[in-house]
Amino acid sequence: MTFSDLKLIEPLTNALAKKGYQTPTPIQQKAIPHILDGKDLFGCAQTGTGKTAAFALPILQLLYERRSISGNQIRALILAPTRELAIQIGENFSAYGANLNLRHTVVFGGVSQVPQAQAMRKGVDILIATPGRLLDLMSQGIIRINQIELFVLDEADRMLDMGFIHDIKKILSKLPAQKQTLLFSATLPDEIKSLADGLLQQPVRVSVTPVSSAAEAVKQSVYYVNRENKRPLLHHVIVENHIDHALVFTRTKRGADRIAKDLNKRGIKAESIHGDKSQGARERALKGFKERSIRILVATDIASRGIDVDKLSHVINYEIPELAETYVHRIGRTGRAGESGTAISFCTSEEQPYMRDIIKLINKNIETIKSHPFNN
Ligand code: AMP
């Protein structure tokens with residue numbers, strides 16, 4: 001199956017070829033034809049499955065083929081729970097829409113609204129937004145969403161987790177009745193089902209592999225080590241395995257800073273990213289990591305949400321998470337979209353019970369690496 005088999009137009013398939021994508025992922029294969037057909041869609045898929053392209057590609061195509069009927073109005077609205085995710089969705093639209101003359105912009109809170117308002121004034125076909133800032137700009141009359149043709153609610157479960165339900169309801173009340181709606185969620189709690197019932201009209205349902213099988217594609221190993229030897233072990237593992245791009249997970253913000261500092265001292269370019277850092281510092285670190293001027297990015301779980309790096313080869317669990325699901329989410333950052341990835345974990349004797357939970361959840365043995373200088 002190719003992207004042209006999905007009836008995607010040449011400007012899009014050319015952009016995809018430039019990105020190096022050859023085969024559509026399962027969610028893309030299942031969702032794109034229905035979205036192009038104008039159907040509402042309920043997609044159960046998590047980050048890493050290629051879901052962003054699954055909605056971005058057909059939206060670009062539909063808007064391009066229909067031309068503008070609404071003059072200078074926004075034609076597609078994508079709501080995302082976090083600024084990191086909103087920015088990434090924007091980057092996807094830039095890449096896939098490179099050969100089309102459609103304008104998109106991203107608005108999110110925590111930064112000045114001035115450039116966002118300026119971009120809106122120039123005219124935008126596709127708006128990607130977080131709920132709070134969108135409502136803010138709507139209340140000032142800077143954004144109007146009454147001509148939307150396509151509406152996407154991305155990571156709906158996380159939106160609800162983050163307490164955005166009232167904001168979302170306010171936004172929904174301002175959307176026109178006649179529109180195509182796409183809802184994506186990684187999990188399906190009852191609140192999501194009732195939200196979908198109210199929002200979608202005769203939706204097509206598509207779903208792809210649940211969390212536990214996301215771990216299948218990833219090569220996993222564990223090093224048993226004392227707490228005080230984790231830092232030298234990290235350096236050893238990076239050098240020994242010639243790792244030139246890795247995301248290292250740690251439990252605490254201070255821990256993240258200390259690990260990054262230690263790596264830099266040992267001559268390995270590293271940055272930390274966590275909630276105490278300014279938005280600007282986080283974006284710079286992420287950009288440096290994506291561009292590979294930063295070799296190792298050390299992150300807490302919260303800060304890492306929504307981090308999406310093409311071809312991330314290694315994830316290192318500096319500490320074992322207490323929740324087995326967190327482990328699966330972490331290692332899901334590598335080995336994406338059919339590529340192989342490697343996950344390495346450092347485990348002390350106190351952390352062994354967590355490791356056992358993980359092995360139970362993924363239902364697969366994890367190789368123990370015994371030949372290392374800090375094995376006791
Ligand atoms: P997402 O689930 O949207 O966060 O996408 C996960 C990752 O897979 C992103 O880095 C995409 O750029 C990448 N990706 C999306 N579709 C494809 C594809 N068909 N082939 C290869 N990589 C893809």
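We count ligands from 1, going down the list as the structure has it; atoms in each ligand are counted the same way.
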Quick one: does [X] get an N or O within less than 3.5 Å of an N or O on ligand 1?
X: A53; result: no
X: K51; result: yes
X: N92; result: no
X: T52; result: yes

Nearest-option assignment for atom 11 (C) of ligand 1, heavy atoms, candidates F55, Y96, Y21: Y21
Closest to atom 5 (O) of ligand 1 among G50, A56, A95 (heavy-atom distance): G50
L60, I89, I74 screened by side chain to side chain contact (heavy atoms under 4.5 Å, CB included) with I126, the one that passes: L60
Parallel, tilted or perpendicular: ring planes of F55 versus F184, cut at 30 and 60 degrees: tilted
Close-contact set for ligand 1 against T23 heavy atoms, below 4.0 Å: 18 (C), 19 (N), 20 (N)
Side chain, backbone, both or neither: F3 near ligand 1, heavy atoms under 4.0 Å: side chain
Ligand 1 contact on Q28 by region, counting heavy-atom pairs under 4.0 Å: side chain
Note: E191-K169 ion pair, threshold 4.0 Å (strictly below): no
Pair E271 + K261: basic N to acidic O under 4.0 Å: no
From CD1 (I35) to NZ (K30), nearest 0.5 Å: 13.5 Å
I148 CD1 to Q180 CD distance, which is reported to the nearest 0.5 Å: 12.5 Å
Heavy atoms from other residues, nucleotides or ligands near CZ of R254 exceed 12 (cutoff 6.0 Å): no
